[in-house]
Amino acid sequence: MINHIHVSHIGRVRSVNEDSVRVCYTDSGYTLGIVADGMGGHQAGDKASQLAVDTIFTDLSALEKGMSSEGLRAALSDAILHANDIIHREAANNEKYHNMGTTVVALLLDGCSGWIGHVGDSRAYKVSESKAIQLTEDHTLVNELYKSGQITQAELETHPRRNVLTKALGTDPEVTVDFDPVTLAQGEVLLLCSDGLSNRVSCQHLGQIAGIQEITLAERADRLLQLALLAGGEDNITVALFELNDEVLVASIKEWDS
């Protein structure tokens with residue numbers, strides 16, 4: 001069993017929370033986490049992110065038990081691409097949603113292993129020994145400039161156009177999704193977040209806070225949220241954390257020993 005928690009906050013500046021999040025177990029026992037950060041302004045942004053989360057959740061909640069790893073990857077891909085179709089169609093048919101889109105980062109686990117799929121700059125991290133490792137690669141203009149050597153790491157962090165996306169869900173009829181295999185071991189934490197967190201809280205602090213084993217997962221999520229707010233909170237902030245349940249591990253060991 002995997003413990004999970006999520007928090008989302010409008011921030012200190014925005015009038016609407018355009019982030020959407022859903023974290024749950026499916027009926028077949030898979031662990032599912034979805035974070036989406038909408039764009040397009042007010043109604044359009046929150047509409048796009050909610051459509052993404054709802055579509056992906058609905059598609060994956062019906063998965064049968066015992067699927068192979070590649071089967072899970074294919075299902076996650078189909079669900080994200082389905083969300084792209086839904087959002088793009090809604091934007092084309094309703095003028096007030098014109099040009100809306102959203103980022104998405106989605107986690108699908110069978111036990112302690114599975115896949116992360118993402119489009120945009122919402123991120124996934126793995127935290128181990130209080131160090132956070134970014135698992136996803138931002139689909140942003142500044143990341144492309146950095147990879148091509150046109151700007152430095154320091155400039156990437158402060159560039160005035162760092163929020164310009166090169167790819168988003170729903171803005172085009174077709175989109176390519178990035179996938180990363182992922183595992184979760186005892187003492188590790190998986191973190192999904194919108195850029196309202198990652199733009200304001202350093203990778204070092206993400207690891208230090210998410211890795212505090214002496215406090216609950218909910219307390220860690222709240223500390224991350226509060227840190228982003230203290231750093232300015234200019235954007236919506238969403239955090240989702242996943243960790244193995246120690247009680248289940250202990251029970252399994254005792255049963256094995258007996």
Side-chain angles (χ1 to χ4, degrees), residues 14 16-22 26 30 32-63 67 69-108 114-124 135-148 161-182 192-196 198 235-236 238 240:
R14 301 292 181 89
V16 175
N17 191 348
E18 295 182 305
D19 288 359
S20 295
V21 57
R22 185 142 191 180
T26 70
Y30 299 112
L32 177 61
I34 315 162
V35 171
D37 179 359
M39 60 189 209
H42 294 283
Q43 290 182 320
D46 59 340
K47 177 71 171 181
S49 66
Q50 195 62 60
L51 281 173
V53 169
D54 289 347
T55 302
I56 295 168
F57 166 75
T58 299
D59 287 2
L60 296 180
S61 62
L63 290 181
M67 293 185 66
S69 176
E70 286 306 312
L72 291 177
R73 183 188 185 281
L76 182 57
S77 177
D78 288 346
I80 294 173
L81 293 177
H82 185 203
N84 187 74
D85 291 340
I86 294 291
I87 298 165
H88 188 264
R89 190 180 312 124
E90 185 71 22
N93 293 334
N94 193 323
E95 185 175 344
K96 70 178 180 179
Y97 298 142
H98 183 61
N99 283 336
M100 72 174 175
T102 184
T103 70
V104 69
V105 57
L107 169 71
L108 180 61
W115 292 90
I116 293 168
H118 92 284
V119 178
D121 63 353
S122 291
R123 293 180 178 178
L135 301 178
T136 53
E137 182 177 305
D138 294 347
H139 301 138
T140 58
L141 173 62
V142 293
N143 193 46
E144 293 300 321
L145 294 175
Y146 172 69
K147 289 193 298 181
S148 65
R161 302 190 69 192
R162 64 183 180 276
N163 292 327
V164 177
L165 299 176
T166 56
K167 185 161 57 173
L169 209 63
T171 55
D172 295 293
E174 295 184 1
V175 68
T176 55
V177 183
D178 284 1
F179 291 95
D180 297 281
V182 64
L192 307 183
C193 67
S194 62
D195 66 347
S198 57
D235 202 353
N236 310 141
T238 298

Look up atom [atom1] in [X] and atom [atom2] in [Y], then write down how far apart they are to the nearest 0.5 Å.
X	Y	atom1	atom2	result
N236	N17	CG	CG	4.0 Å
L81	T55	CG	OG1	12.0 Å
D121	C193	CG	SG	9.5 Å
H118	H139	NE2	NE2	4.0 Å
I80	F179	CD1	CZ	5.0 Å
D19	T238	CG	OG1	3.5 Å

Atom OH of Y97: over 12 foreign heavy atoms under 6.0 Å: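 Buried by this count: over 12 neighbours within 6.0 Å.
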Could you walk me through whether S194 and D37 pass side-chain hydrogen bond (donor to acceptor under 3.5 Å, both in side chains), step by step? CA-CA 6 Å; S194 62; D37 179 359; 4.9 Å; no
Hey, mind stepping through D78 and H82 against side chain to side chain contact (heavy atoms under 4.5 Å, CB included) and telling me if it holds? CA-CA 6 Å; D78 288 346; H82 185 203; over 6 Å; no
Please examine the side chains of [Y] and [X], heavy atoms only from C-beta on, and report whether any two atoms are closer than 4.5 Å.
X	Y	result
R123	D138	yes
V175	H88	no
N143	Y146	yes
T171	M39	yes
K47	K96	no

Run the side chain to side chain contact (heavy atoms under 4.5 Å, CB included) test on L108 and L63 for me, step by step, so that the C-alpha distance in whole Å, both residues' side-chain angles and the decisive distance to 0.1 Å come before the verdict. CA-CA 11 Å; L108 180 61; L63 290 181; 3.9 Å; yes
Quick test of your reading of the model: are R14 and D235 salt-bridged, counting only N-O distances below 4.0 Å?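 Here R14 pairs with D235 in a salt bridge, since their nearest N and O are under 4.0 Å apart.
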We want to know whether S20 and Q50 form a side-chain donor-acceptor pair, criterion being a heavy-atom distance below 3.5 angstrom.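 Q50 and S20 do have a side-chain donor-acceptor pair below 3.5 Å.
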